[in-house]
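I have placed the structure first, in the form of structure tokens, so that the comments after it can refer back to it.
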Amino acid sequence: MFERERTDPQSDIEFDFFDEPSTVEAAEREGGPPRRRRKMPTRPPGGPTPSVLRLGLLIAGAILLAAVLVVWVNSCRGDQKKAAYQDYMESVAGPAGQSAQVGKQLNSLITSPGIKLTELRSQLEGLRQQQAQIVTATQALDAPGPLRGEQENLVEAMQFRVSGLDALAAAFGKVQGTPSTAESGDNLATAAKRLTTSDVVYEDLFQAGSHSVMAADNVTGVPIPESKFVQNTDFASTSFWKQTVDRLTQNPKAGGLHGNEIVSVIVQPGNQHLSPTEDNTVPASDRLSFQVLVKNSGDYQETQVVVTLTIKQSPPLNGQKVIDVINQGETKTVVFSMDELGGAPAFGNRVSAVVGVTPVDGETNKGNNTASYPIIFSLA
């Protein structure tokens, strides 16, 4: 009566694509242990893995080591550069000092009282030979590469000194046959220019040049030797050399006036001119010094003039200095510090500061060779 309901055969198909495998189901159904699944390694969210961290640390360490090595290598190179410069300057010090000593000997020779022309020329030749040997020693110096130009300037300065001594000897040799001492003075001044030029070359081209080179190479603390040849700035003066010829060729007793006088005494600091007739209150100071002004009041150049200062206290303080050369009409200042006088001032009591200039050969008026000043030292 009733017709049986028809069904679609396909509706009986079961879809089990996402079901677990039968073996798992069977194992679980049979009570067997579940299969262990491998756990994936964990890492902090968003952070690097340990291997990346280790690699980063290795790279950073390598960079740090390389930087340390670079600093160390540069430091070694800097030390080597400084050592090379220092070795060279130490080798320069020998001939530079010897040459300066020759200059001092020249000054003493020219200002020697009573020296004759023939003796002066003979000793000049000896000084020239000494300086020529110094040139040879200077040429043998091995300068660092950057200082080779300065080394050439050093040699040139030393050669100027040889040629200057040669020229001086030649000019002195012509004095007897020259019509006037003024002309002889001009010849000697021209010859002496080589000596003053040598100091300019040494100071401006060698010393200053070497300093610039080392500064550009970041080298500091290496002293550059001094070598001053000309001890008397009057070497460039024709008048100085004329008076030198007059002194060398004329007898001090042949005529004219010879002599020096004390002009005044000034206390420093404060520029206090001492009075010879009134008490002078002098404040004590660690920079206390006495300036003694001496004038050549004669008609001739004078040399090796001895100046003295005595503070007559208990115990007395004494000082002595020498003016190498003082020209006609010239005034020179001789400075005595308290250290050079050998002690400290005595406070409160009146004492005397006595200054004197030793008479020169042929001097007749000696009344102005000494002066005395009453002093009371006080605390500042």
Side-chain angles (χ1 to χ4, degrees), residues 99-132 134-135 153 156-205 227-252 256 258 260 294-296 298-305 322-333 360:
S99 184
Q101 187 60 37
V102 171
K104 292 178 181 179
Q105 292 174 355
L106 172 65
N107 188 65
S108 297
L109 176 63
I110 291 175
T111 61
S112 296
I115 192 170
K116 304 301 181 183
L117 272 173
T118 53
E119 182 184 358
L120 189 148
R121 289 186 60 201
S122 174
Q123 294 194 38
L124 270 176
E125 175 58 24
L127 294 179
R128 189 203 68 80
Q129 291 178 7
Q130 290 183 44
Q131 184 61 38
I134 293 170
V135 170
N153 294 329
E156 183 179 24
M158 298 301 165
Q159 289 172 333
F160 266 121
R161 295 173 181 180
V162 174
S163 64
L165 292 169
D166 267 335
L168 276 182
F172 274 121
K174 297 177 181 177
V175 164
Q176 298 291 0
T178 304
S180 69
T181 57
E183 184 177 343
S184 293
D186 187 62
N187 294 337
L188 286 163
T190 300
K193 286 180 181 178
R194 293 173 172 84
L195 302 178
T196 55
T197 299
S198 78
D199 282 349
V200 174
V201 172
Y202 190 93
E203 293 172 12
D204 291 0
L205 300 184
S227 185
K228 188 171 182 62
F229 193 86
V230 175
Q231 307 296 313
N232 189 337
T233 55
D234 287 339
F235 268 30
S237 166
T238 299
S239 175
F240 165 79
W241 288 109
K242 176 194 178 300
Q243 294 191 47
T244 298
V245 174
D246 287 337
R247 172 174 55 84
L248 292 171
T249 57
Q250 297 178 15
N251 190 320
H258 290 267
N260 301 292
V294 178
K295 180 180 179 180
N296 182 338
D299 301 324
Y300 299 97
Q301 180 188 80
E302 306 294 349
T303 62
Q304 302 302 309
V305 176
V322 176
I323 299 174
D324 287 338
V325 58
I326 182 168
N327 294 321
Q328 174 189 2
E330 183 179 17
T331 298
K332 287 201 170 182
T333 301
V360 296

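Note that this is a predicted model, so its numbers are computed, not measured.
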**Q.** Cationic N near anionic O, under 4.0 Å, Asp186 to Lys242
**A.**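 No, this pair does not count.
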
Taking [Y]'s backbone N and O only, do any of them form a donor-acceptor pair with [X]'s side chain (distance below 3.5 Å, no angle check)?
X	Y	result
Gln130	Val102	no
Ser163	Phe160	yes
Lys332	Val325	yes

Q. When rounded to the nearest 0.5 angstrom, what is the spacing between CG in Asn187 and OG1 in Thr181?
A.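 Taking CG in Asn187 and OG1 in Thr181, the distance rounds to 11.5 Å.
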
Q. Could you state the interatomic distance from CD (Glu330) to CG (Asn260), rounded to the nearest 0.5 Å?
A.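 One finds 10.5 Å between CD of Glu330 and CG of Asn260.
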
Taking side chain as C-beta onward, heavy atoms only, is [X] less than 4.5 Å from [Y]?
X	Y	answer
His258	Tyr300	yes
Leu188	Thr244	no
Leu106	Leu124	yes
Leu168	Trp241	yes
Phe229	Leu165	yes

Q: Classify the side-chain pair Gln301/Asn327 by whether it contains a donor and acceptor separated by less than 3.5 Å.
A: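 Asn327 and Gln301 do have a side-chain donor-acceptor pair below 3.5 Å.
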
Q. So, Asn232 and Asp324: side-chain donor and acceptor under 3.5 Å apart, yes or no?
A.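 No pair is found: no donor N or O on one side chain lies under 3.5 Å from an acceptor on the other.
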
Q: With Ser198 as reference, evaluate Lys193, Arg161, Glu156, Gln159 under the side chain to side chain donor-acceptor pair (under 3.5 Å) test and give the passing residue.
A: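 Exactly one option meets the side chain to side chain donor-acceptor pair (under 3.5 Å) with Ser198, and it is Arg161.
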
Q) Between Ser99 and Gln131, is a side chain to side chain donor-acceptor pair (under 3.5 Å) present by the stated rule, with each step listed? A) CA-CA 6 Å; Ser99 184; Gln131 184 61 38; 2.9 Å; yes

